[in-house]
Participant: 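There's a structure below that I have some questions on.
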Amino acid sequence: MPPSAPWTRAAPVLFLLLWSLGFPVAKIGIKAVDPLLFLALRFALVLIVLLPVALWLRPPLPTRGSDWGHQIMVGALIQTLYFGLCYTGFALGASAATVALIISLQPILVALLAPRLLGEHIDARHWLGLALGLAGAALVILSGEAHGGGSLAGLVCALGALLGISAATLYEKRFGSTLHPVTANAIQYATGLVTTLPLVLLFGQYRLIWSVEMVASLGYLVIGNSLIALTLLLAMIRRGAASQVSALFYLIPPTAALMAWLLIDEPLPAMGWVGMAVAALGVVLASRGKTTR
C-alpha cells in the first residue's frame with residue numbers, strides 16, 4: 001500500500017476544525033442577517049460555486065424519477081430542516097456548544113431507530129449510550145441555564161434539527177443511491193434554496209446588515225463548511241476511514257465550545273465540560289453496540 005499523502009494524514013484534524021468552527025461562525029452571521037435569509041444566501045452562493053465545477057466535470061444526472069425524488073427529500077431534510085432549525089435556534093439564543101452537543105447525539109438516535117426499522121434487536125449498550133448521551137446533554141443545558149445562557153425556544157429548535165439530520169440519515173440508508181458528489185450536492189442545495197425561499201417570504205424579517213463580519217461568516221460557511229469540510233468527509237470515508245470519521249464527531253462539541261469561547265466569548269462552565277465528556281462516552285458506547293436480526 002502506498003504511503004498516504006500529507007493531506008490524507010491532515011484531513012481528520014482539518015475536518016474537525018472546519019466543521020466545528022461552523023457553529024460559532026453561523027452565530028456571528030445571524031447577528032446581522034435574518035437566519036432564514038442567511039441560509040438562502042448560503043445555498044445560492046454554494047450553487048454559484050458548484051455551477052462551473054458541474055459544467056467542467058459534467059457528472060451524470062439521475063436516470064430515474066425516484067432517484068431525483070430521494071435526493072430532493074434528503075436535501076429538504078438536511079438543508080432546510082436541519083440547517084434552518086440550527087440557525088433559527090442560534091437566533092433565539094441557543095449556544096453553539098448546546099446545539100453542537102445535541103446534534104452529536106444523532107448517531108445514538110439513528111442507532112436506536114434504524115435497527116427497529118430493519119427488524120433488528122438493539123443491545124443494552126445502545127440504551128446505556130442513549131442514557132449517558134441524554135444525561136450529558138442535560139448537564140450542558142443546565143450549566144447554561146445556571147449562567148444565564150439558556151434558551152428554551154433555541155433548545156426546541158436544536159432538538160428539531162437533531163430529528164431532521166437523523167431522518168435524513170435514515171432516509172439515505174433506506175433509499176439512497178450512488179450519485180456523483182457534485183450531482184448530489186447540486187440537487188440537495190438547489191432543494192434547500194427552493195424550499196427555504198418561501199419560508200423567507202412567509203416568516204423572514206428581511207434583516208440584512210452588510211459588514212465585514214457577516215461577509216466573512218457567509219464566505220466561510222460556503223467555502224470552508226459546505227464545500228471543503230464535506231469534501232474532506234467524503235474523501236476520508238472513501239479511503240476506508242469510516243471508524244475514524246465517526247470518532248471525530250465525538251470531538252466536535254468540545255471543539256465547537258472552545259471555538260465559541262474564543263470567537264464570541266461564549267464560555268462553557270465546568271459542569272458543561274463534564275456533560276460534554278459524559279455525552280461523548282454515551283455516543284461511543286452506542287456506536288460500538290451491536291444489533292442482531
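No experiment lies behind these values; they were computed from the predicted model shown.
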Participant: In Å and rounded to the nearest 0.5 Å, what is the CG to OG1 distance from Leu197 to Thr80?
Facilitator: 9.5 Å
Participant: Please name all residues satisfying side-chain contact (heavy atoms from CB on, under 4.5 Å) with Leu92, sequence neighbours left out, ordered by chain then number.
Facilitator: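 So Leu92 forms a side-chain contact (heavy atoms from CB on, under 4.5 Å) with Thr88, Ser151, Ala153, Cys157.
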Participant: For Leu17 and Met259, what are the C-alpha separation, side-chain angles and deciding distance, and is it a side-chain contact (heavy atoms from CB on, under 4.5 Å)?
Facilitator: CA-CA 9 Å; Leu17 295 176; Met259 290 181 170; 3.6 Å; yes
Participant: Can you name the closest pair of heavy atoms from Leu37 and Val200 and give their distance?
Facilitator: N-CG2, 3.9 Å
Participant: Is there side-chain contact between Ile102 and Leu155, with at least one heavy-atom pair below 4.5 Å?
Facilitator: yes
Participant: Grouping I, L, V, M, F, W and Y whenever their side-chain heavy atoms are under 4.5 Å apart, do Leu227 and Ile48 come out in a common cluster?
Facilitator: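 Yes, it is one cluster - the side chains of Leu227 and Ile48 are joined through contacts under 4.5 Å.
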Participant: From Ile165 CD1 over to Ile78 CD1, what is the distance, rounded to the nearest 0.5 angstrom?
Facilitator: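 Atom-to-atom, Ile165:CD1 and Ile78:CD1 are 4.5 Å apart.
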Participant: Which is it for Leu159 and Leu163 under the side-chain contact (heavy atoms from CB on, under 4.5 Å) test, yes or no, and what are the steps along the way?
Facilitator: CA-CA 6 Å; Leu159 291 172; Leu163 294 177; 5.8 Å; no
Participant: Output yes when a side-chain donor or acceptor of Thr191 lies under 3.5 Å from a complementary backbone atom of Ala76, and no otherwise.
Facilitator: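 No: the side chain of Thr191 does not pair with the backbone of Ala76.
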Participant: Can you tell me if CH2 on Trp273 sees more than 12 non-hydrogen neighbours from other groups inside 6.0 Å?
Facilitator: yes
Participant: Going through the checks in order, is the side-chain contact (heavy atoms from CB on, under 4.5 Å) test met by Leu221 and Phe38?
Facilitator: CA-CA 10 Å; Leu221 292 172; Phe38 190 61; 3.4 Å; yes
Participant: Within the side chain of Gln79, is there an N or O that forms a donor-acceptor pair under 3.5 Å with the backbone of Phe43?
Facilitator: no
Participant: Restricting to non-hydrogen atoms, name the atom on Val99 and the atom on Ala94 that form the minimum distance, rounded to 0.1 Å.
Facilitator: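 Closest heavy-atom pair between Val99 and Ala94: CG2-CB, 3.8 Å.
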Participant: What's the shortest heavy-atom distance between Thr98 and Ser95, and which atoms?
Facilitator: OG1-OG, 2.8 Å
Participant: Where do Ala100 and Pro253 come nearest, in terms of heavy atoms and distance?
Facilitator: O-CG, 3.8 Å
Participant: Working to the nearest 0.5 Å, report the span between CG of Leu14 and CD1 of Ile228.
Facilitator: 7.5 Å
Participant: Of all heavy-atom pairs between Leu81 and Gly164, which one has the smallest distance, and what is that distance?
Facilitator: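 So the two residues come closest at CD2-CA, 3.5 Å.
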Participant: What's the separation between atom OG in Ser226 and atom CG in Leu18, rounded to the nearest 0.5 Å?
Facilitator: 11.5 Å
Participant: One thing to verify: whether Lys31 and Glu213 come together as a salt bridge, which I'm taking to mean a side-chain N less than 4.0 angstrom from a carboxylate O.
Facilitator: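 Salt bridge absent between Glu213 and Lys31.
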Participant: So how far is it from Leu45 CG to Arg42 CZ, rounded to the nearest 0.5 Å?
Facilitator: 10.5 Å
Participant: With no hydrogens and no angle check, is any side-chain donor or acceptor of Trp19 less than 3.5 Å from a backbone partner on Ala229?
Facilitator: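 No, Trp19 side chain to Ala229 backbone: no donor-acceptor pair under 3.5 Å.
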Participant: Linking I/L/V/M/F/W/Y whenever any side-chain heavy atoms sit under 4.5 Å apart, do Leu47 and Val215 land together?
Facilitator: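 In one cluster: yes.
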Participant: Would you say the side chain of Pro62 lies within less than 4.5 Å of the side chain of Ile187, judging by non-hydrogen atoms?
Facilitator: yes
Participant: When you group the ILVMFWY residues by side-chain heavy-atom contacts below 4.5 Å and let the links chain together, are Ile223 and Trp56 in the same group?
Facilitator: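 Result: no, two separate clusters.
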Participant: Linking I/L/V/M/F/W/Y whenever any side-chain heavy atoms sit under 4.5 Å apart, do Val212 and Leu263 land together?
Facilitator: no
Participant: According to a hydrophobic-cluster definition based on side-chain heavy atoms being under 4.5 Å apart (Ile, Leu, Val, Met, Phe, Trp, Tyr only), do Val194 and Trp68 belong together?
Facilitator: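 No; tracing contacts between hydrophobic side chains, which count when under 4.5 Å, never links both residues.
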Participant: Just do the side-chain contact (heavy atoms from CB on, under 4.5 Å) check on Ile28 and Tyr220 with the steps written out, would you?
Facilitator: CA-CA 11 Å; Ile28 293 173; Tyr220 172 79; over 6 Å; no
Participant: Please report the closest heavy-atom contact between Leu21 and Pro24, naming both atoms and the distance.
Facilitator: O-CD, 3.2 Å
Participant: To the nearest 0.5 Å, what is the distance between CG on Asp34 and CZ on Phe203?
Facilitator: 11.5 Å
